[in-house]
Structures are given as C-alpha cells and as structure tokens.
Amino acid sequence: MGSASFLTRARSLLRIRNQLVRECLAELLSTFVLILITLSGSAQKVTSFETKGNILTSYLAGALAVMVGIYTAGGISGAHMNPAFSFAMCLMEQFPWWKFPIFAVVQTLASFMSAGAVYILYYGMGEHHWAREPHGGARMARPMDMLCLCSTDAIWYYSNGTLTVSGPRETASIFATYPADYVSVANGFLDQVIGTGVLMVGVMGIMDTRNKGVPKGLEPVVVALLVLSITFSMGSNCGCPLNPARDIGPRLFTYVAGWGPEVFRWVEGSGRGGDGR
C-alpha cells in the first residue's frame with residue numbers, strides 16, 4: 001500500500017503537463033530510436049566485413065526502425081522524425097509553422113545523440129585499446145574513449161585505427177550517407193527530391209481517410225514497407241537518406257568525433273557507392 005502510494009506521488013511529480021515539452025520529448029525519443037537502429041544496422045554490416053549483415057539487412061533495419069519510431073511517439077507528437085515530413089505537414093496546413101524549427105532542431109539533436117550511442121556501441125575500449133594512440137585530429141577522441149564501455153573495438157579493428165571518409169576501410173558512411181562516385185551534385189539533389197517526394201506522397205496517401213484505409217494500428221507497418229520499397233529502388237545513388245536530420249546530425253557527430261572536415265566534402269571514393277545506410 002505504501003509503495004503504491006509512493007509510486008502514485010512520484011508519477012504525479014514527474015508528469016510533464018506542458019504539451020509542447022511532451023511533444024518534443026516524444027519526438028526526441030522516437031527519432032533517437034529510429035537513427036540508433038538505422039546506424040547500428042549499417043555499422044554491423046560494415047565492421048563485420050558483411051559476414052553478419054549485408055545491404056539487405058541494413059535496409060531492413062532502417063525500414064523497421066521507422067515502424068518502431070512511429071509506434072513509440074505517434075500518439076503524442078505524430079512521430080515526424082524527419083524535418084522534410086514536418087515541412088510537408090506545414091504546407092498541408094496540418095502542422096503549425098512556428099513548431100517547425102523546434103521539431104527540426106529536436107530531430108537533428110536526437111540524430112546526433114544516436115550517432116554518439118552507435119559510436120560508443122561499436123568503437124569500444126578493450127584492454128588493448130589504451131595502448132594505442134587516439135585517432136589524430138579528434139576533438140572529442142579522449143572524452144568519447146572514456147565513454148566507451150563495451151569490450152569490442154569493431155570500428156577501430158575494421159579501420160586499422162584510422163577514421164577516414166574515403167578509401168577501402170572508410171567508416172564515415174556508417175553514420176552519414178555519401179554519393180556514389182558517378183553521381184553529380186545536380187543528380188544527387190534530384191535523387192533526394194524525388195525519393196523524399198515519393199515518401200511524402202506515400203505517407204500522405206496512407207494518412208488520407210478518403211483513401212482505402214489501412215487497418216487501425218497497422219499504419220506504422222505500411223509506412224515501413226513504403227520506406228523499404230524506396231530504399232530498395234532508389235538507394236544506389238546516394239544511400240537514400242530521405243531525412244535531413246538523419247544525415248546532418250550524424251555527419252556533425254563524425255566531424256567532432258575524429259573524422260574531421262572531410263565529412264562535408266565530396267571526395268571521389270568516399271562512402272560505399274551509395275549503399276552506406
């Protein structure tokens with residue numbers, strides 16, 4: 001009886017009553033889960049030399065992560081998880097414009113945090129790690145090394161101790177997407193406009209009650225299938241990010257964590273020919 005009363009009081013004290021704060025926290029959590037699963041799928045594929053994952057599993061991870069994110073926060077914030085979707089909702093007058101920059105910042109922050117979590121998960125600090133020199137030029141190398149509590153150094157082992165954006169052992173594409181060598185800037189821009197446009201049209205169609213309805217509760221599954229179909233068909237050019245926050249947040253993280261300013265430059269041979277999720 002006493003413990004139940006204590007829990008009731010604790011819930012009452014911790015309850016967040018401000019609707020905007022609730023929505024922002026929900027958006028932060030859903031986007032964090034989305035990007036965490038997506039980047040982890042890519043990290044497992046890359047660092048295992050594709051023995052424990054491949055392009056199919058990384059695409060599946062990204063699509064299923066969308067489903068999990070929507071189930072996590074769909075009833076509170078709408079689980080936008082994507083500034084492009086928030087912008088589209090504003091254009092459709094289904095979302096207030098003043099909330100758009102707030103949601104965009106929250107989504108980008110969550111993506112940055114997710115990249116840090118994946119770095120910690122796959123970088124590690126085994127006993128032999130401290131015998132090595134920290135990666136050169138890393139502004140956050142020592143703090144991040146101290147945060148890594150796992151025992152396997154997957155990224156370090158795969159990259160031979162060098163964090164690079166290009167070359168056969170590059171690891172930057174674990175976190176952000178890079179265009180294939182043959183893709184021009186104009187073609188890359190068009191690729192993302194078309195891919196993101198198809199995503200927006202598909203999601204709006206699923207949400208439109210005048211269309212043939214999706215069984216209640218299965219909307220996140222259908223959206224995940226939509227994302228999977230787009231990545232399967234339009235992923236070779238640029239990796240199909242479809243989400244500004246999904247790319248900008250992790251890219252900023254790689255900049256401060258040791259990959260350096262190269263992450264903001266197009267270099268021939270960078271990324272994985274568009275398949276880095």
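Because the structure is predicted, anything quoted here is derived from the model rather than measured. Note that the numbering runs from 1 along the sequence shown for the chain.
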**Q** Any side-chain to backbone donor/acceptor pair from Gln107 onto Thr31? Under 3.5 Å, distance only.
**A**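 Side chain of Gln107 to backbone of Thr31: no pair is present.
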
**Q** Check the surroundings of atom CZ in Phe85: do more than 12 heavy atoms from other residues, nucleotides or ligands lie under 6.0 Å from it?
**A**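 Buried by this count: over 12 neighbours within 6.0 Å.
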
**Q** Would you find a donor on one side and an acceptor on the other, under 3.5 Å apart, between the side chain of Tyr119 and the backbone of Phe175?
**A**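 No; judged by distance alone, with no hydrogens or angles, the pair does not exist.
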
**Q** Identify whether NZ of Lys or CZ of Arg in Arg169 sits under 6.0 Å from the centre of the six-membered ring of Tyr158 and within 45° of that ring's axis.
**A**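 Positive - Arg169 is close enough to the ring of Tyr158 and near enough to its axis.
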
**Q** Verify the cluster assignment for Val66 and Ile76: are they in a single hydrophobic cluster under the rule of side-chain heavy atoms below 4.5 Å apart?
**A** no

**Q** Do Ser30 and Tyr71 have side-chain heavy atoms sitting under 4.5 Å apart?
**A**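 The answer is no; the side chains never approach within 4.5 Å.
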
**Q** Heavy-atom distance under 4.5 Å between the side chains of Thr164 and Ser159, does that happen here?
**A**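 No, every pair of side-chain atoms sits at 4.5 Å or beyond.
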
**Q** Would Phe253 and Phe264 show up in the same hydrophobic cluster when neighbours are defined by side-chain heavy atoms closer than 4.5 Å?
**A**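 Yes, one cluster joins them.
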
**Q** Is there side-chain contact between Leu39 and Pro250, with at least one heavy-atom pair below 4.5 Å?
**A**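 Touching, per the 4.5 Å side-chain cut-off.
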
**Q** Just wondering, are more than 12 heavy atoms of other shown residues or ligands nearer than 6.0 Å to CZ in Phe189?
**A**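 No, not enclosed.
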
**Q** Which atoms form the tightest heavy-atom contact between Thr38 and Ala65, and what is the distance?
**A** OG1-CB, 3.8 Å

**Q** Report yes or no: does Ser114 contribute a side-chain atom to a donor-acceptor pair with the main-chain N or O of Phe32 at less than 3.5 Å?
**A** yes

**Q** Side chains of Phe87 and Asn82: closer than 4.5 Å at any heavy-atom pair?
**A**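 Heavy-atom side-chain distance check fails, nothing below 4.5 Å.
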
**Q** Is there a chain of hydrophobic side chains (I, L, V, M, F, W, Y, each step under 4.5 Å between heavy atoms) that links Met200 to Leu190?
**A** yes

**Q** With no hydrogens and no angle check, is any side-chain donor or acceptor of Thr196 less than 3.5 Å from a backbone partner on Val193?
**A** no

**Q** With the side chain counted from C-beta on, respond yes when Leu109 and Val106 share a heavy-atom pair under 4.5 Å apart, and no when they do not.
**A**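 SC-SC contact between Leu109 and Val106 ruled out.
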
**Q** What do the steps show when you test Ser173 against Glu170 for side-chain hydrogen bond (donor to acceptor under 3.5 Å, both in side chains), and what is the final call?
**A** CA-CA 7 Å; Ser173 65; Glu170 61 81 23; 2.7 Å; yes

**Q** Is it the case that the side chain of Asn211 and the backbone of Gly205 share a donor-acceptor pair, with hydrogens and angles ignored and the cut-off at 3.5 Å?
**A**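 Yes.
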
**Q** Give the C-alpha distance, both sets of side-chain angles, the deciding distance and a yes or no for side chain to side chain contact (heavy atoms under 4.5 Å, CB included) between Ile70 and Leu34.
**A** CA-CA 9 Å; Ile70 297 174; Leu34 164 67; over 6 Å; no

**Q** Within a strict 4.5 Å, meaning less than it, do heavy atoms of the Glu219 and Met207 side chains meet?
**A**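 Counting from C-beta outward, Glu219 and Met207 never come under 4.5 Å.
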
**Q** Taking the side chain as everything from C-beta on, heavy atoms only, tell me whether Leu64 gets closer than 4.5 Å to Ile37.
**A** no

**Q** Answer yes or no for Arg251 and Tyr178: cation-pi contact, defined as NZ/CZ to six-membered ring centre under 6.0 Å and angle to ring axis within 45°.
**A** yes

**Q** Out of curiosity, Ile194 CD1 to Leu199 CG, how far, rounded to the nearest 0.5 Å?
**A** 14.0 Å

**Q** Is there a side chain to side chain contact (heavy atoms under 4.5 Å, CB included) between Met234 and Val198 once you walk through the steps?
**A** CA-CA 10 Å; Met234 304 181 192; Val198 171; 3.9 Å; yes

**Q** Got a donor-acceptor contact below 3.5 angstrom from the Arg246 side chain to the Ile35 backbone?
**A** no

**Q** Any chance you could measure Thr47, atom OG1, to Glu50, atom CD, to the nearest 0.5 Å?
**A**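 Between atom OG1 of Thr47 and atom CD of Glu50 there are 10.5 Å.
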
**Q** Let me check something: any side-chain donor-acceptor pairs from residues 94-101 under 3.5 Å, sequence neighbours excluded? List them with distances.
**A**
from, atom 1, to, atom 2, distance (Å)
Lys99, NZ, Glu23, OE1, 2.7
Lys99, NZ, Glu23, OE2, 3.4

**Q** Assess whether atom CD of Glu93 is packed by more than 12 heavy atoms of other residues, nucleotides or ligands within 6.0 Å.
**A**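 Counting neighbours around CD of Glu93, 12 or fewer heavy atoms of other residues, nucleotides or ligands fall under 6.0 Å, so no.
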
**Q** Look at the side-chain heavy atoms of Ile, Leu, Val, Met, Phe, Trp and Tyr, link any pair under 4.5 Å apart, and say whether Met89 and Met92 land in one connected group.
**A** yes

**Q** Got a second to check how far Leu25's CG is from Ser77's OG, nearest 0.5 Å?
**A**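 One gets 10.0 Å once the value is rounded to the nearest 0.5 Å.
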
**Q** Nearest 0.5 Å please: distance from the OG atom of Ser40 over to the CG atom of Leu121.
**A** 5.5 Å

**Q** Spell out, yes or no, whether Val227 and Leu218 are grouped together once hydrophobic residues are joined by side-chain heavy atoms under 4.5 Å, including indirect joins.
**A**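 Same cluster: Val227 reaches Leu218 through Ile, Leu, Val, Met, Phe, Trp or Tyr contacts under 4.5 Å.
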
**Q** Tell me the closest heavy-atom pair linking Ala224 and Ala63, and the distance in Å.
**A**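 Distance-wise, the nearest heavy atoms are CB-O, 3.2 Å.
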
**Q** Is there a side chain to side chain contact (heavy atoms under 4.5 Å, CB included) between Leu56 and Phe232 once you walk through the steps?
**A** CA-CA 8 Å; Leu56 175 61; Phe232 275 168; 3.2 Å; yes

**Q** If you round to the nearest 0.5 Å, how far is OG1 of Thr254 from CH2 of Trp259?
**A** 6.5 Å

**Q** Could you walk me through whether Leu163 and Thr171 pass the side chain to side chain contact (heavy atoms under 4.5 Å, CB included) check?
**A** CA-CA 6 Å; Leu163 302 180; Thr171 48; 4.1 Å; yes

**Q** Ignoring hydrogens, what is the shortest heavy-atom contact between Cys238 and Thr177? Give both atom names and the distance.
**A**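 For Cys238 and Thr177, the tightest heavy-atom pair comes out as O-CB, 3.3 Å.
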
**Q** Quick one: are Leu28 and Met113 in side-chain contact, heavy atoms under 4.5 Å?
**A** yes

**Q** For Glu262 and Val165, work out which heavy atoms get closest and say how close.
**A** CB-CG2, 3.5 Å

**Q** Rounded to the nearest 0.5 Å, how far apart are CD of Gln44 and CD1 of Ile174?
**A**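 So the gap between those two atoms works out to 11.0 Å.
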
**Q** Give me the atom names and distance for the closest heavy-atom approach of Leu226 to Val203.
**A**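 Shortest heavy-atom contact: CD2-N, 3.6 Å.
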
**Q** Which heavy atom in Pro83 sits nearest to a heavy atom in Asn243, and how many Å separate them?
**A**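 Scanning both residues completely, I find the closest heavy atoms to be CD-OD1, 3.3 Å.
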
**Q** Give the ring-plane orientation class for Tyr157 versus Phe49, where under 30° counts as parallel, over 60° as perpendicular and anything between as tilted.
**A**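 Answer is perpendicular, since the angle exceeds 60°.
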
